[in-house]
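What you see below is based on every heavy atom in this structure, not just the backbone, and it leaves out hydrogens, waters and symmetry mates. Whatever order the structure lists them in is the order used to number ligands and atoms, beginning at 1.
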Amino acid sequence: MLSPRTRLCDLLGIEVPLLNAPMTPQAGGALARAVAEAGAFGMLGFDEDESDDEIAAQLALLAVPPRPRFGIGLAAWVLDRSPHLLATAIAAKPALISISFGDPAPYAKRVRDAGILLASQVQSRARAQQALDAGVDILVAQGTEAGGHTGAVGTLPLLQIVLDMTDRPVLAAGGIASGRGYAAVIAAGAAGAWVGTPFLLATESRSTPQARARILAADETQTVLTDVFDRAQRKPWPAEFRGRALRNAFESEWHDRAGEVDDAARARFAAAKAARDLDVAHVYAGESVGLLRAERPARDIVETLANDAAACLRAVEVVERV
Ligand SMILES: Cc1cc2nc3c(=O)[nH]c(=O)nc-3n(C[C@H](O)[C@H](O)[C@H](O)COP(=O)(O)O)c2cc1C
């Protein structure tokens with residue numbers, strides 16, 4: 001197997017400079033382990049929607065020997081209201097914690113004092129500066145193409161901006177689903193790729209069969225950046241971050257209507273979520289859905305990305321002009 005190699009490999013003790021994104025709740029312990037066993041870096045995401053028992057069950061999957069190195073992703077605004085999640089994350093002894101979607105500064109010292117690397121996804125120059133000021137070890141330039149909550153700037157412009165701001169390792173997130181995309185960000189100077197949407201279809205992810213079918217059927221034109229699903233669940237996401245999801249009937253109905261989703265619609269949404277009715281409930285996924293063709297083991301996803309990126313990078317001819 002071929003792979004690009006960057007300084008992220010030594011920093012995280014990995015062979016392939018690639019991380020699966022901490023997708024809550026789809027990226028659990030089984031996915032993080034499978035990604036680690038394939039030579040990349042596995043992450044899991046959790047938030048206040050999951051019970052302590054559910055979180056413990058996912059972490060237990062990573063405690064089984066041989067214990068892989070792994071990371072945990074958290075959202076800053078969720079920590080502000082549920083600070084116990086940081087204690088849970090630190091107690092699990094991950095190699096990396098990411099704190100995104102808000103200022104990581106209030107939590108940085110506790111992470112660093114525990115000997116854990118700190119990363120943060122940033123969506124603008126201002127957010128990148130905030131993360132640098134907080135002393136994060138790794139920045140993740142998260143473009144608007146990304147699945148789940150994100151900002152409004154495309155991966156490529158954002159990556160160029162953030163790379164120019166710092167010598168610290170910068171990863172690229174958003175829209176990377178083939179060796180071509182992976183090679184592009186590595187060639188630009190990214191220390192690695194932070195990949196979410198393709199791992200929703202990993203056999204080890206916690207995606208439901210219903211969501212897998214929707215993702216497989218969707219093309220690249222069928223996502224939307226929306227706060228409708230947050231309004232429907234009364235989730236107080238900062239206005240700057242909206243969620244990229246597959247379009248559905250509920251989103252279309254409420255897209256142009258500002259303010260609160262009414263009580264009847266919220267009840268309809270809650271029932272649909274429980275029943276996995278995805279004409280109403282959400283499937284967060286990025287624009288790279290248009291590249292996904294099949295469910296595959298995580299190892300297969302990692303190896304294909306690494307091999308194909310290496311081939312792309314090798315194929316570039318560089319000449320000296322005289
Ligand atoms: C279903 C889903 C859930 C996500 N949940 C989280 C999360 O809990 N925490 C987080 O930091 N990022 C989360 N993200 C964003 C990812 O970390 C990452 O930025 C994104 O998946 C990268 O773009 P891609 O989906 O195009 O690969 C989520 C993404 C998806 C698709």
Tabulate distances under 3.5 Å between N/O atoms of ligand 1 and N/O atoms of the protein, writing both atom names on each line.
residue, atom, partner, partner atom, Å
ligand 1, 5 (N), Thr24, N, 3.2
ligand 1, 8 (O), Pro22, O, 3.3
ligand 1, 8 (O), Thr24, N, 3.4
ligand 1, 8 (O), Thr24, OG1, 2.6
ligand 1, 9 (N), Pro22, O, 3.2
ligand 1, 11 (O), Gln121, NE2, 2.8
ligand 1, 12 (N), Gln121, NE2, 3.3
ligand 1, 17 (O), Gln121, NE2, 3.2
ligand 1, 17 (O), Trp194, NE1, 3.1
ligand 1, 19 (O), Gln121, OE1, 2.7
ligand 1, 19 (O), Gln142, NE2, 2.9
ligand 1, 23 (O), Gly174, N, 3.3
ligand 1, 25 (O), Gly147, N, 3.1
ligand 1, 25 (O), Thr197, N, 2.9
ligand 1, 25 (O), Thr197, OG1, 2.6
ligand 1, 26 (O), Gly175, N, 2.8
ligand 1, 27 (O), Gly196, N, 2.8
ligand 1, 27 (O), Thr197, N, 3.2

Picking from Arg247, Arg268, Arg231, what satisfies salt bridge (charged side-chain N to carboxylate O under 4.0 Å, His left out) with Glu253?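 Going through the options one by one, the only one that passes is Arg268.
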Hydrophobic cluster membership, with links at side-chain heavy-atom distances under 4.5 Å among I/L/V/M/F/W/Y: are Val35 and Leu2 in one?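 Different clusters.
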Return the orientation label for the Phe101 and Trp237 ring planes: parallel under 30°, perpendicular over 60°, tilted otherwise.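 The rings of Phe101 and Trp237 stand perpendicular, inter-plane angle above 60°.
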From Ser178 OG over to Ile301 CD1, what is the distance, rounded to the nearest 0.5 angstrom?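 So the gap between those two atoms works out to 13.0 Å.
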Set of residues satisfying side chain to side chain donor-acceptor pair (under 3.5 Å) with respect to Asp80, sequence neighbours excluded: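 Side chain to side chain donor-acceptor pair (under 3.5 Å) check on Asp80 returns Tyr107.
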What I want to find out is whether Asp10 reaches Arg7 closely enough, with some N-O distance under 4.0 Å, to be called a salt bridge.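 Salt bridge between Asp10 and Arg7, a charged N being under 4.0 Å from a carboxylate O: no.
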